[in-house]
Amino acid sequence: MSIELSEQEQVRRQSLNELRSLGIDPYPAALYPRDAFSTDIIAEFDDNQETKRQVCVAGRIMSRRIMGKASFVELQDSKGRIQIYVTRDDINTEEQPEMYNTVFKRLLDIGDFIGIKGFVFRTKMGEISVHAEELTVLSKSLRPLPIVKYKDGVAYDSFDDPEQRYRQRYVDLVVNEGVKETFIKRTQVYQSMRNFFNERGYIEVETPVLQPIPGGAAARPFITHHNALNIPLYLRIANELYLKRLIVGGFEGVYEFAKNFRNEGMDRTHNPEFTVMEIYVAYKDYNWMMEFTEKMVEKACLDVNGTTKVKVGNNEIDFKTPFKRVTMIDSIKEHTGFDISGMDEDELREVCKKLDIEIDDTMGKGKLIDEIFGEKCEGNYIQPTFITDYPIEMSPLCKRHRTNPDLTERFELMVNGKELANAYSELNDPIDQLERFQEQMKLSEKGDDEAMFIDLDFVRSLEYGMPPTSGMGIGMDRLVMLLTGQEAIQEVLFFPQMRPEKKATVDTAEKYTAIGVPEEWVAVLQKVGFITVKSLHG
RNA sequence: GACUCCGUAGCUCAGUCGGUAGAGCAAUUGACUCUUAAUCAAUGGGUCGAGGGUUCGAAUCCCUCCGGGGUUACCA
């Protein structure tokens, strides 16, 4: 925040005062009786109408073309833009004879909100516009917006510094065409999925974000402290264990769009907080869940884009069902030539060495297989593909495979070379579950800082009995990225995490003298680099 | 975290070999009652990310720091 105002900010504050002195409230309290939206007016216009349609519109001035006693304004509302034709003779009134020359031309600026009452017509150049008969100042803008111009869909001087766009998303949304559409599509994806679940009778629920044991995934959690209880609490890394408790409790289909938090790196596909939709359905297995998932994704794509095809970067992805299905063992065989079925840890290490994959001693069998798949296979799956039957060591919450005890009934949905969804036939054998947690403990002792904690209450719930259940989690940010063709997670989050904005500040002389620094030393100290009192310590 | 590039007016960007700051839009003043990246004329606007160094002289060269992008590592 700059303390000194730029020339344009000073002018706008001056205009604000002049509006008040003319008896115009720049921030009126009364509701404005808007009765039409920009794009609707254009869509509903009929050249053959005998009487002109009267409308009342409101929005932000995005550009002005002033030609003496007549002007054109581009007014932007939540749906789009419409041109307003403003003339001196039509908007001046007895009470406000300077409405046009002083108020409109001199005191209003790009960025201000105004309301317009008038009639709809088509200009000589053919553009459907509103001929203003009454202009109301609705809100004065004190900061100049970036000026982005459009012609034939091409943007000129777009506001495109990513740092400023993300830090001041409100500005990005105002001036850059298409940004809002991405976020509207995000909401449509959620609506599509909610409808899909609700139609089937599944219930949307909410479970704790603050958890005493961060369970349900392998990840580094954020930790915080609850003062009244005097205990550490973790921000959830997943909601899986809570949703399964609800299946124990008798719900037969529950889902939650859950904000999860992981204290890991940030880049164009990772934000510290992100959203996962998890759903659990009783009496189903992972085969059922595969069909459910592909139908859900196909529908979401159709609802948002009207087609199953999406362009992401140079790839065209088709979400037409059915998706391909490949077991993990077959995938590794196909992309590396190694058949790892039945291999022990040492043999797997040998394979990794041959494939030039970096490994370390903390890695168990499951992690080694995961590395091979991640390095050599994952990236090949551009079109939606289910990878099935993961090794048991890397799936501690998943039911053992019905035909092979070394594997689990698990699938991941890979799209554009990345994991999008993850699902199991859920492990509901409480004794097996406890043993799997204990295996995780051993991994943790071995040095794996992502191994899962033991959640004894969760085991207790399973001891009361959970019906056979299938569960699935899908990364919402990644899904939205795919369905909107965006390649950075920051483009689908309104406010992605950023380093705090910092300005180099210089402490005042008083702060130095307050800690006993002689006044005449202050300038000297600042000159040699101690620009703050704090910098004198340490 | 590592590597790499970037930071100049409200916005988008030039700035040559180190010689003291430029354009378009926006703003201000004026002309113009159907324009649309409106047009025409004039004017003002800069801690060149911050701090230090080299130099007679630094937006430019060197060092440190801050912020961001890209690549990479961990991860969804």
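In the text below, chain A, chain B and the rest are named by the order of the sequence lines, each starting its count at 1.
- Distances were taken from every side-chain heavy atom of A:Met498 (C-beta onward) to each of B:rG10, B:rG68, B:rU36; the shortest belongs to B:rG68.
- A:Arg262 comes within contact range of at least one nucleobase, with a heavy-atom separation under 4.0 Å.
- Contact check on A:Arg325 versus A:Glu294 returns a salt bridge, with a Lys/Arg side-chain nitrogen under 4.0 Å from an Asp/Glu carboxylate oxygen.
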_Evaluate A:Arg499 against A:Glu163 for salt bridge (charged side-chain N to carboxylate O under 4.0 Å, His left out), listing each step before the verdict._
CA-CA 10 Å; A:Arg499 271 203 177 74; A:Glu163 175 173 4; over 6 Å; no

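- Among B:rC11, B:rU33, B:rA27, the nucleotide with an atom closest to any side-chain atom of A:Val11 is B:rA27.
- Contact of A:Asp160 with B:rC13 (side chain to base): no donor-acceptor pair of N or O atoms is detected under 3.5 Å.
- Among the atoms of the strands shown, none is found under 4.0 Å from any heavy atom of A:Arg12.
- Here the P atom of nucleotide B:rA26 and the CG atom of A:Asp157 are 10 Å apart, to the nearest Å.
- Set against B:rG67, B:rC34, B:rG10, the side chain of A:Tyr85 has B:rC34 as its closest nucleotide.
- At the heavy-atom level, A:Ser71 lies nowhere under 4.0 Å from the strands shown.
- Within 4.0 Å (heavy atoms only), A:Gly475 reaches no atom of the nucleic acid at all.
- Using a 4.0 Å heavy-atom criterion, one finds that A:Leu420 contacts no nucleic acid atom at all.
- Across the P atoms, B:rU64 and B:rG70 are found 24 Å apart, a figure rounded to whole Å.
- Counting distance only, with no hydrogens placed and no angle test, the side-chain atoms of A:Gln8 and the base atoms of B:rA26 include a donor-acceptor pair under 3.5 Å.
- Taking every side-chain heavy atom of A:Asp267 into account, B:rA73 is the closest of B:rA76, B:rA26, B:rA73.
- Considering only the side chain of A:Glu7, B:rG45 comes nearest among B:rU71, B:rU36, B:rG45.
- As judged by a 4.0 angstrom heavy-atom cut-off over every strand, A:Lys259 is placed among residues making no nucleic acid contact.
- Nearest nucleotide to the side chain of A:Asp109, out of B:rU12, B:rU28, B:rU36: B:rU28.
- For A:Glu9 and A:Arg143, the salt-bridge test passes: some basic side-chain N is under 4.0 Å from an acidic carboxylate O.
- Out of B:rA27, B:rA76, B:rG24, the shortest distance to the side chain of A:Glu264 is found at B:rA76.
- The listed nucleotides are B:rC32, B:rG67, B:rA38; the one nearest the side chain of A:Arg167 is B:rG67.
- With distances taken from any side-chain atom of A:Pro146 to the nucleotides B:rG69, B:rC11, B:rU71, the minimum falls on B:rC11.
- When the C1' atom is used for both B:rU54 and B:rC11, the distance is 35 Å, rounded to whole Å.
- Distance from the side chain of A:Asp161 is smallest to B:rG68 among B:rC25, B:rG68, B:rG70.
- Where A:Asp477 and A:Ile147 each meet RNA chain B at their nearest nucleotide, the meeting point lying more 5' is that of A:Ile147.
- In this pair, A:Tyr150 does not lay its aromatic ring on the base of B:rA37; centres under 5.5 Å and planes under 30 degrees do not both hold.
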